[in-house]
Amino acid sequence: MIRGLSRDVDAVEAPFAWERDDAGDLQLVARRVTQCALSRICGACAESLGRPVAFVGDDLEIGRNAFHAPPLHLTCAADLAARVDHWRVVTTSGFEFVRATAEDEDRRPVFSPNSLLGEASRG
C-alpha cells in the first residue's frame, strides 16, 4: 500500500489518481493528480514514468490538447481506455502541467502534451 493512501492501488480497478464515487464511477482526486505531475509518477499504478508518456481523454480533450487525467504508462493508459468507451490514448515525449488560476472557470489542472508521438487511438 502506498504511504498516505488508505487502499491498495490497482492500475485498472483502483487507479492511484482516481477514487470511485457512490455510483462506482471513477473521479479524479486533485491532490493525487498534482502529485503525479510533480513526482512524474503514473496516475494508474503510481510507478515512475519513462517515455513515452500517455494520456487518456475524450475527443474534446484531444482536440484542445489539454487533458485532466494525469500522465500514464502506455500500458496503463490502454488498460484504462479499454474500460471507458469515450476515452482514447495519446502518446507524447513530454508535457506541461498547468495549474488553474483564480480567473479560470474550470479549476482542474491541465496537462498539455508538447510533442505528440502518434495518432490518438482507442484503448
Side-chain angles (χ1 to χ4, degrees):
M1 190 175 324
I2 294 174
R3 188 178 68 190
L5 191 62
S6 62
R7 61 171 173 80
D8 288 332
V9 170
D10 177 297
V12 175
E13 295 300 322
F16 173 71
W18 285 267
E19 288 284 344
R20 293 206 179 267
D21 62 15
D22 292 338
D25 296 325
L26 290 174
Q27 300 295 319
L28 284 169
V29 177
R31 64 183 163 70
R32 290 195 204 133
V33 169
T34 300
Q35 182 178 358
C36 292
L38 299 180
S39 300
R40 286 197 56 85
I41 60 174
C42 176
C45 70
E47 297 292 327
S48 293
L49 287 169
R51 287 193 173 84
V53 175
F55 289 94
V56 293
D58 59 23
D59 290 337
L60 182 61
E61 289 175 304
I62 292 169
R64 290 184 325 212
N65 196 40
F67 297 86
H68 295 293
L72 304 160
H73 295 112
L74 182 56
T75 54
C76 292
D79 290 345
L80 283 172
R83 299 185 58 113
V84 180
D85 289 338
H86 62 277
W87 276 356
R88 293 174 28 201
V89 177
V90 171
T91 57
T92 181
S93 61
F95 61 88
E96 298 296 324
F97 177 61
V98 182
R99 295 181 195 206
T101 65
E103 295 82 31
D104 292 331
E105 279 185 43
D106 188 345
R107 300 293 306 224
R108 296 176 293 175
V110 173
F111 295 90
S112 296
N114 56 24
S115 51
L116 295 178
L117 297 176
E119 296 285 321
S121 63
R122 293 230 175 258

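Of all the heavy atoms in Val110 and Ala66, the pair that sits closest is CG1-CB, 3.3 Å. Heavy atoms only, all atoms of each residue included: Glu96 and Asn114 are closest at OE2-ND2, 3.5 Å. For the residue pair Ala77 and Ala54, the shortest heavy atom distance occurs at CB-CB, 3.6 Å. Across all non-hydrogen atoms, the minimal contact from Trp18 to Gly43 is CZ3-O, 3.5 Å. The two residues Val33 and His68 come nearest to each other via the heavy atoms CG1-O, 4.0 Å. Here the closest heavy-atom approach between residue Asp21 and residue Gln27 is recorded as OD2-NE2, 3.3 Å.
Rounding to the nearest 0.5 Å places CZ of Phe16 at 5.0 Å from SG of Cys36. To the nearest 0.5 angstrom, Leu28 atom CG is 11.0 Å from Glu19 atom CD. Distance CG/Asp25 to CZ/Arg20: 8.0 Å, rounded to 0.5 Å. Distance CG/Leu72 to CD1/Ile41: 11.0 Å, rounded to 0.5 Å. Rounding to the nearest 0.5 Å gives a distance of 9.5 Å between CG of Asp58 and CH2 of Trp87. Atom OG1 of Thr34 and atom CZ of Arg108 lie 13.0 Å apart (nearest 0.5 Å).
For the pair Asn65 and Pro113, the minimum side-chain heavy-atom distance is below 4.5 Å. Put simply, the side chain of Arg40 reaches to within 4.5 Å of the side chain of Phe95, judged on heavy atoms. A 4.5 Å side-chain heavy-atom check between Leu80 and Pro15 finds at least one atom pair inside the cut-off.
Between Arg88 and Glu61 there is no salt bridge, since no side-chain nitrogen of the basic residue lies less than 4.0 Å from a carboxylate oxygen of the acidic one. Using a 4.0 Å cut-off between charged nitrogen and carboxylate oxygen, Arg83 and Glu13 count as a salt-bridge pair.
Listed for the His73 side chain is a donor-acceptor partner under 3.5 Å among the backbone atoms of Ser48.
Between Phe67 and Phe111, the distance from one ring center to the other does not fall under 6.0 angstrom.
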Inset, instruction - Check the pair Phe55 / Ile62 against side-chain contact (heavy atoms from CB on, under 4.5 Å), numbers first and verdict last. - result: CA-CA 9 Å; Phe55 289 94; Ile62 292 169; over 6 Å; no
